[in-house]
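Atoms considered below: every heavy atom in the structure, side chains included; atoms not considered: hydrogens, waters and symmetry mates. Fair warning: this is a prediction, and the values are worked out from it, not measured in the lab.
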Amino acid sequence: MNNFDTKKYPVFSSFLNQLAKDLTKFYYAKLDKPFKITNKMKGKGYDPVTTSDKTFEKFIRSKISKRFPDHQIIGEEYGHKNTKSEFSWVIDPIDGTRSYVVGNPSWSNLISLNYNGEPILGLANFPKMKKYYLNVNKNTAYVFENNKKRKLKVNSKLNFANSKLAAAFHNQLTLKQQSKIQKFIKRMQFPCFDALTYCQLAEGRLEMVAQCANKIWDIHPIMPIVRASGAIVTTWGNRNPVVGGNIIVSNNKANHKQILKLLKPLAE
């Protein structure tokens, strides 16, 4: 991890633990009401952003800036606060804005702490579900719910034939591209609910998750959580997922290798 001082983990994980609680309180105090929606794509597709996205990001940025004023911040809605710090925070104020718009509870606040560009801590907070997922170091992650915490651990022993696969293409694959991965498509059994599905894999509820077109703020907060639970995460081309793009997460190395073979025709 590029010489990261692991003794600092508690400082940052404690901050994220409190931030999760603050975000849920903030939502119910300020944002649990009607909101405005704008389509970023302006008629050429649908990529919604709401006033809540922007308000959440301002709140998160203010909390980070107050506690760690010299750190960099990269947010989906307000861009890059560039400093000389080796630490950067990556923010998706609402992951799953479409879910937010229609009232599904699976949307979340995603935040990662990166050291020299690599995610080391991740938070996925689900205000409507009143739960959050957080890794406290590179080997340990928890789900916090009903004032209790439960350690996250993938179902690592389940083999490929019996593993559950969830996937979402996010309108990024043409029919021609999909025709090249028919064996993969036949293997799909469950839909994806944004970051929640990655977190469910970390809980051992399913074994493989594939998604297209993840931005860095979609995947950076997830990477430390699923890795701490024992999962493997790469791009479809088996590269470092820090670049974003098409992402695959698996419960063990053998299954990851198998699913990469099915996705090879579309590997980056």
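R205 and R150 get closest at one heavy-atom pair: NH2-NH2, 4.1 Å. Between P48 and R98, the shortest heavy-atom contact is CG-CG, 3.9 Å. Of all heavy-atom pairs between C212 and L173, the closest is SG-CG, 3.9 Å. The shortest non-hydrogen separation linking F184 to A210 is CZ-CB, 3.6 Å. Between W217 and L110 the shortest heavy-atom distance is O-CD1, 3.8 Å. The minimum heavy-atom distance linking S106 with D194 is given by the pair OG-OD2, 4.0 Å.
Note that the CD1 atom of I91 and the NE2 atom of H220 stand 13.5 Å from one another [nearest 0.5 Å]. Separating the CD1 atom in I225 from the CG atom in L121 is a distance of 9.5 Å, to the nearest 0.5 Å.
The cationic group of K54 does not satisfy the cation-pi geometry with F59, failing either the under 6.0 Å distance to the six-membered ring centre or the 45° limit from the ring axis.
K128 places a side-chain heavy atom less than 4.5 Å from the side chain of D32. Annotation: side chain of N116 is not in contact with side chain of F4 (no heavy-atom distance under 4.5 Å).
Between the side chains of E145 and Y132, no donor-acceptor pair of N or O atoms lies under 3.5 Å. Between the side chains of E57 and Y78, no donor N or O sits under 3.5 Å from an acceptor N or O. Side-chain N/O atoms of N135 and Y142 include no donor and acceptor closer than 3.5 Å. Donor-acceptor pairing under 3.5 Å is recorded for the side chains of T97 and D53.
Using cut-offs of 30° and 60° for the angle between ring planes, the F15 and W89 rings count as perpendicular.
K164 NZ: more than 12 foreign heavy atoms inside a 6.0 Å radius. The local environment of NZ in K40 is crowded, with over 12 non-hydrogen atoms from other residues, nucleotides or ligands closer than 6.0 Å. Atom CG of N171 has 12 or fewer neighbouring heavy atoms from other residues, nucleotides or ligands inside a 6.0 Å radius.
Checked against ring-ring contact (aromatic ring centres under 6.0 Å, His included), Y100 has the following partners two or more places apart in sequence or in another chain: F35, W107.
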Exercise answer: donor-acceptor pairs, residues 232-256 side-chain atoms, under 3.5 Å, sequence neighbours excluded:
{"residue": "T234", "atom": "OG1", "partner": "H256", "partner atom": "NE2", "Å": "2.9"}
{"residue": "T235", "atom": "OG1", "partner": "G237", "partner atom": "N", "Å": "3.2"}
{"residue": "T235", "atom": "OG1", "partner": "N238", "partner atom": "N", "Å": "3.4"}
{"residue": "T235", "atom": "OG1", "partner": "R239", "partner atom": "N", "Å": "2.9"}
{"residue": "T235", "atom": "OG1", "partner": "E268", "partner atom": "OE1", "Å": "3.4"}
{"residue": "W236", "atom": "NE1", "partner": "I247", "partner atom": "O", "Å": "3.1"}
{"residue": "R239", "atom": "NH1", "partner": "E268", "partner atom": "O", "Å": "3.0"}
{"residue": "N240", "atom": "OD1", "partner": "V242", "partner atom": "N", "Å": "3.0"}
{"residue": "N240", "atom": "ND2", "partner": "E118", "partner atom": "OE2", "Å": "2.8"}
{"residue": "N246", "atom": "OD1", "partner": "A213", "partner atom": "N", "Å": "3.0"}
{"residue": "S250", "atom": "OG", "partner": "H256", "partner atom": "ND1", "Å": "2.8"}
{"residue": "N251", "atom": "OD1", "partner": "N255", "partner atom": "ND2", "Å": "2.8"}
{"residue": "N251", "atom": "ND2", "partner": "N155", "partner atom": "O", "Å": "2.7"}
{"residue": "N251", "atom": "ND2", "partner": "L158", "partner atom": "O", "Å": "3.2"}
{"residue": "N252", "atom": "OD1", "partner": "A254", "partner atom": "N", "Å": "3.2"}
{"residue": "N252", "atom": "OD1", "partner": "N255", "partner atom": "N", "Å": "2.7"}
{"residue": "N252", "atom": "ND2", "partner": "S156", "partner atom": "O", "Å": "2.7"}
{"residue": "N252", "atom": "ND2", "partner": "L158", "partner atom": "O", "Å": "3.4"}
{"residue": "N255", "atom": "OD1", "partner": "F160", "partner atom": "N", "Å": "3.0"}
{"residue": "N255", "atom": "ND2", "partner": "L158", "partner atom": "O", "Å": "2.9"}
{"residue": "N255", "atom": "ND2", "partner": "S163", "partner atom": "OG", "Å": "3.1"}

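Electrostatic pairing of R61 and E77 does not count as a salt bridge here, judged by no charged N lying under 4.0 Å from a carboxylate O.
Taking the centre of each ring, F144 and Y133 stay at or above the 6.0 Å mark.
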Derivation of the side chain to side chain donor-acceptor pair (under 3.5 Å) call for N214 and Y198: CA-CA 12 Å; N214 278 187; Y198 288 126; 2.8 Å; yes

